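The analysis underlying the following values was restricted to heavy atoms, covering all of them including side chains, and did not include hydrogens, waters or symmetry mates. Worth saying up front: this structure is predicted, and the values here are computed from it rather than measured. Chain identifiers are assigned alphabetically (A, B, ...) following the order of the sequence lines, protein sequences preceding nucleic acid strands; residue numbering begins at 1 within each chain.
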Number of protein chains: 2
Amino acid sequence: MDIVTKSLNYLKSLTAETISFARSGHTGSALGASSILFALFHNHLQFDCTGNNWPNRDRFVLSAGHSSALLYSLFYMFGYPITINDLKNFRRYGSKTPGHPEYGVTEGVETTTGPLGQGVATAVGLALAAEKMNAISPNLFNNYTYVYAGDGCLMEGVAQEACSLAGKLCLKNLILLYDDNDVTLDGDKSISNNENTVKKFEAMGWDTIVVEKGNDYNECSKAIARAKTNHRPTLILFRTIIGIGTTKQGTCGVHGYPLPETELKTFKQNMEITDDFFVPDDVLAFCREATEKNNKLISKWNEFYEKDKANIDKALKQNSRYNLTDLCKKISTANPEITGRDVSNIILNELYNLFPFFGGSADLASSTKAFIKNVPEYEEDALSGNNIRFGVREHAMGAVANGIALYYKFLAFDSTFVSFSNYMIPALRLRAMMGIPVLSIMTHDSINIGEDGPTHQPIEQIPQMRSIVGLTVFRPATIAEVMAGYKYFVTKQKPTVLALTKTKISNPKYSTVDKADKGGYIIYETEKAPTIEIIATGTEVYLAIEVATKLEKYGARVISMPCESIFDKQTENYKSKILLENPKLKVAIEATNDNVWYKYIGENGLLININSYQHSGNGKEVYEKAGFESERIVKEIREKLKKVN
Amino acid sequence: MDIVTKSLNYLKSLTAETISFARSGHTGSALGASSILFALFHNHLQFDCTGNNWPNRDRFVLSAGHSSALLYSLFYMFGYPITINDLKNFRRYGSKTPGHPEYGVTEGVETTTGPLGQGVATAVGLALAAEKMNAISPNLFNNYTYVYAGDGCLMEGVAQEACSLAGKLCLKNLILLYDDNDVTLDGDKSISNNENTVKKFEAMGWDTIVVEKGNDYNECSKAIARAKTNHRPTLILFRTIIGIGTTKQGTCGVHGYPLPETELKTFKQNMEITDDFFVPDDVLAFCREATEKNNKLISKWNEFYEKDKANIDKALKQNSRYNLTDLCKKISTANPEITGRDVSNIILNELYNLFPFFGGSADLASSTKAFIKNVPEYEEDALSGNNIRFGVREHAMGAVANGIALYYKFLAFDSTFVSFSNYMIPALRLRAMMGIPVLSIMTHDSINIGEDGPTHQPIEQIPQMRSIVGLTVFRPATIAEVMAGYKYFVTKQKPTVLALTKTKISNPKYSTVDKADKGGYIIYETEKAPTIEIIATGTEVYLAIEVATKLEKYGARVISMPCESIFDKQTENYKSKILLENPKLKVAIEATNDNVWYKYIGENGLLININSYQHSGNGKEVYEKAGFESERIVKEIREKLKKVN
């Protein structure tokens, strides 16, 4: 038996027994794709398994994340820090080998995958960032981006949007390895899909290659070699047999089928393997040829890097000093009244001089003002650009931005209306899970956008984003609060959302960046000692101040709370200074359907919010008719006061 | 001037002045598409403008909803109940002519549109339901489905998924009118898109027609006539000039450009129109030819309908009697312990005998058990089927299900894991806005699904769905509660979500359908009078009961609250009987990141929830390590009791 066949057999055996031992996992595609990925790892992928994240490594994304056992087995064989013991702990609590690949858990995993389609779209972002770095330093950055995907991934709209964008941007380093095994979870692919995938990708501006024998190592390797020479993104369609070598091969029954002990034994015997969880030295040596070759590349690269370091550091602005508080003062002095979206544009452009921002908008840059001035657009023929034209593709935008942030040092940003953030929720969740630096600049934050009607008036979107664990959402009321949002993002470099107004905001006396940094602070208080506490966010802060002045005789305090999750993290001491102790009444005002405010006002508090769809109409009118009008709120407060006291 | 040209001129004039008068709206595509839609309405569309919703009317969906002024102008000219005064009130609060078409607000609007792409996907649902009805009663149901879409709509993944499905299902009555004006909001289409749309649709199994002169009425009409004879869905690509006749024609500047008064004057003068908001009698008479032709069709149809009424009623099960409480008893006696997804399957199949359910799953039917037994799949060659194989296309599934519910009497259903509900949020929101009967059967409702890891463990998804105004979300703990969810759906016929367990549930003594109907009820109480109140949902109810038994010495009450929004609607009297008055401690237990529970437990209550991503691992282990373990909760409660007392 030749060494390639032997190696492939051991890879399949290791993969199958990893799943079988866990009694849980997805044998089907993990076996079906073994030849494709072994050819990739052995002959093509320039990987770094030393744990140093070589910046110019080829990126590999397992978009069909359920095939993870194959990836972990490859990692073991090619010298990544994965042990046989890790494979035995596949899918066990706290292991390095979770059910789906998780970024930050397993060395070598470039992005968390599992929700189908996301990996493809994230790979487009990795490829886009690679092209950008290639434009900055062509000799140091010239890696490929490989993504492995199945039918499920390609049926997802997020992948379709992203592939269309990749075609438009002509991302030549991107190679999509499509495992066309004709089977999905519920049955043959033909029950739900009869597309001509090759033709579809050609229509999107891709090169395509079809490998009829997708379980043949040499054919797979040749196709990948050819794809690397293309000048456009390439789809390689591999016709494979799902679960090859098992009794259920070629059927949907093998998708989530850990081989039973007896079948596993036969499966291994057919490949002349008797050892359990074992790979012989000659196979390991064969694999490690690739590892050594790559390690040499890395050493060589590191030498070159020193020569171009200054250039790269300059392009990525790695040595910046800044004082955002001063910058904020400058801006608010120059703009006593300005819309949230406009002040965001000013700040973004100032910070662009200090930080490596890279992003764009989903065909709304002219409205959300999320663009860098005086630089060209990002296009295939203008790689020095910094504004990505994502097109009307919000979902892909979210995932592509994730890929950009994952690639190398970029601070990614994306942008749309708050209302359409709900097209991006799956991508927002994944970036929150990974904790990567992507800023979402979202505008038109309130029902007061008016005439476009209920479809465009966000009510649930802000609560939905706040519900995402690890996503920090700001709804700023003042210029200082917008700055605090940006400050949080550039200093923490964690996923952040700014929900900005289309209407004018200002900067009341008590609003400073330092205060806003705390998530919540006192922005107004009546002269009379307060007995009423009013929490508000965004435009409603101005309304709350108006209400408070009308409640002078009771005494009222207004707390602006642009980010309640940051406020929650403050010391008890700080919080007790901001929140009143035993006020007569606690009120929260926000033009959303968020219940989070009950956390502060309790079951006896008064929540002025919005829980029905509004009409199309003049913004101010819509806002007032929905109850956001000071006289009406004062009346409600007075009535509530009578009840509670 | 011939009557066609004259009519078109008046249509354009009326459209432009409607937008101009409102000083807000989208002139670009509204003018650019005028020839296409005038040809459609005059020569092809079998519409019913009498307000009786003729079941066999052709469905027309304006997916590019921002072109609404054109639609309203057409409605006026073709005799729908829209007046000149309504046009003058375009985009005004409470008018019949809102900024984007809204279902239920304007007669003739088949679905709410605005968020791009949704209209295309909903039209696929309308077309699918039409094919289904055609199979039931071919002579009575044979309408066409037309959808008007721009570049923005077709870039959206939801539209791509839906078009792929339409190709697979060979929905021959579907005709997509693609307004290829080469311009998007931010600039020329080429800045973000260079697809070959015709080739792409061919790859998805569509017929295609290209109309080079998309602003030529006759060319438009001929193409539509040809499309009607096709045996597959048809894309007609019309090359048009956006904002034709204005000074900014052919540029993105005209997208949201209400013509200023002077330009409007010139614009009208160029077409020899001097009157304001006026359409002459000869033009109206020309339009009303179509109206009269259609009214005759309707009369004829109504005669035929009487003959086939019995057949249709039988197929749509319109005369059912049922007793769901008895059915529930039968099921729970036969299945003392059963998973949420399995009991859902039993109930769905029982109810299928009584109600016209029509739906399917996104490649997860075998796991979510959302399928009708013993009927064939829905396929182009098996139209009698009832299980739609949506493929791995959750977003389109949500919108397609909306279209099915909008078509005619069907109770639509869709299905995926709770975790992937976030791919469907935009479609869920639109169905909530429209209040239409779609049931989402979602399973794997908890982090205890285990090995698949954090991507598959829902934490935020249930709060996100609950936040949607008008979407009723059940997270049932018992068999009776699952039944209550189904009961709510079939009786109210409003958008409903069931978040079901993969693990076993039972039916504790105090759980009945009548009680569960109230949204929240007492499911357990210690013998000792309770001083602690514990609210829980889903699997956590069993845990709460365990905790309560361990708190016997304090006395504890467990409230199962499968649907807090329904509980909120109960009488104060009922609620006061369920909730304790001044308990020592209020506790809520739910394995989600929802803050809604503070509404009941207040700022001093104890919320046992989950606000970090968990690991891949054994389900029980994941659940317990996340804090869902009775001893640990009892300890937390004891500590909290010390603090609050």
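By number of non-hydrogen pairs under 4.5 angstrom with chain A, the leading residue of Leu428(B), Ile601(B), Leu165(B), Thr112(B) is Ile601(B). Most heavy-atom pairs under 4.5 Å with chain B: of the set Lys200(A), Arg92(A), Lys599(A), Glu161(A), this distinction falls to Lys599(A). Of the listed residues Gly617(A), Ser419(A), Gly391(A), Pro115(A), the one with more heavy-atom pairs under 4.5 angstrom with chain B than any other is Pro115(A). Of all the listed residues (Phe417(B), Tyr613(B), Tyr600(B)), the one sharing the greatest number of non-hydrogen pairs under 4.5 Å with chain A is Tyr613(B). When the candidates Met465(A), Met433(A), Gln118(A), His395(A) are compared by the number of heavy-atom contacts under 4.5 Å with chain B, Met433(A) comes out ahead. Your options are His456(B), Arg393(B), Arg429(B), Glu102(B), and the one with the most heavy-atom pairs under 4.5 Å with chain A is Arg429(B). No other option in Gly157(B), Pro426(B), Gly114(B) has as many heavy-atom pairs under 4.5 Å with chain A as Pro426(B). Counting heavy-atom pairs under 4.5 Å between each of Asn604(A), Val158(A), Leu364(A) and chain B puts Leu364(A) at the top. Contacts with chain B were tallied for Gly152(A), Gly605(A), Gly25(A), Gly453(A); Gly152(A) has the most, counting heavy-atom pairs under 4.5 Å. Contacts with chain A were tallied for Asn193(B), Val392(B), Asp151(B); Val392(B) has the most, counting heavy-atom pairs under 4.5 Å. Ranked by heavy-atom pairs under 4.5 Å with chain A, the first of Gly450(B), Ser24(B), Gly205(B) is Ser24(B). Your options are Ser467(A), Ala427(A), Pro98(A), and the one with the most heavy-atom pairs under 4.5 Å with chain B is Ser467(A).
Formation of a donor-acceptor pair under 3.5 Å by the Glu451(A) side chain with backbone atoms of Arg91(B) is not found in this model. For Tyr423(B) (side chain) and Leu116(A) (main-chain N/O), a donor-acceptor pair under 3.5 Å exists by modelled atom type. For Asn595(B) (side chain) and Asn595(A) (main-chain N/O), no donor-acceptor pair under 3.5 Å exists by modelled atom type. Asp186(A) places a side-chain N or O within donor-acceptor distance of the main-chain N or O of Ala365(B), the cut-off being under 3.5 Å. No donor-acceptor pair under 3.5 Å is formed between the side chain of Asp452(A) and the backbone N or O of Gly99(B). When atom types are taken as modelled, the side chain of Gln464(A) and the backbone of Gln464(B) share a donor-acceptor pair closer than 3.5 angstrom.
The two residues Glu460(B) and Ile468(A) have their closest heavy-atom pair at CG-CA, 3.5 Å. Across Ala203(B) and Lys199(A), no two heavy atoms sit closer than the pair CB-CB, 3.7 Å. A pairwise comparison of heavy atoms in Ser612(A) and Val469(B) identifies CA-CG1, 3.5 Å as the closest pair.
A search for side-chain contact (heavy atoms from CB on, under 4.5 Å) contacts involving Lys620(A) returns Asn618(A), Glu624(A), not counting sequence neighbours.
Within the 4.5 angstrom heavy-atom criterion, atoms from both the backbone and the side chain of Ser366(A) approach chain B. Residue Lys189(B): no heavy atom, backbone or side chain, is found under 4.5 Å from chain A. For Gln461(B), the part sitting under 4.5 Å from any heavy atom of chain A is the side chain, from C-beta outward, and nothing else. When heavy atoms are compared at a cutoff of 4.5 Å, Thr113(B) approaches chain A solely by way of its backbone atoms N, CA, C and O. For a residue to count as touching a neighbouring chain, one of its non-hydrogen atoms must lie under 4.5 Å from one of that chain's; by this rule Thr184(B) touches chain A with backbone and side chain alike. Contact annotation for Ala432(B): both backbone and side-chain heavy atoms come within less than 4.5 Å of a heavy atom of chain A.
Here the CD atom belonging to Glu603(B) is positioned 10.0 Å from the CG atom belonging to Leu579(A), to the nearest 0.5 angstrom. We find the NZ-OG distance between Lys168(B) and Ser192(A) to be 7.5 Å, quoted to the nearest 0.5 Å. Distance CE/Met155(A) to CG/Asp363(B): 6.0 Å, rounded to 0.5 Å. Distance check: Met204(A) CE to Asn194(B) CG gives 11.0 Å after rounding to the nearest 0.5 Å. Put simply, OG1 on Thr455(A) and NE2 on His66(B) are 11.5 Å apart, with the number rounded to the nearest 0.5 Å. Atom CD of Glu156(A) sits about 4.0 Å away from atom CD of Glu394(B), to the nearest 0.5 Å.
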Exercise for review: Start with the C-alpha gap between Val105(A) and His615(B), add the side-chain angles, then the distance that decides, and say whether side chain to side chain contact (heavy atoms under 4.5 Å, CB included) holds.
Suggested key: CA-CA 10 Å; Val105(A) 169; His615(B) 294 292; 5.8 Å; no
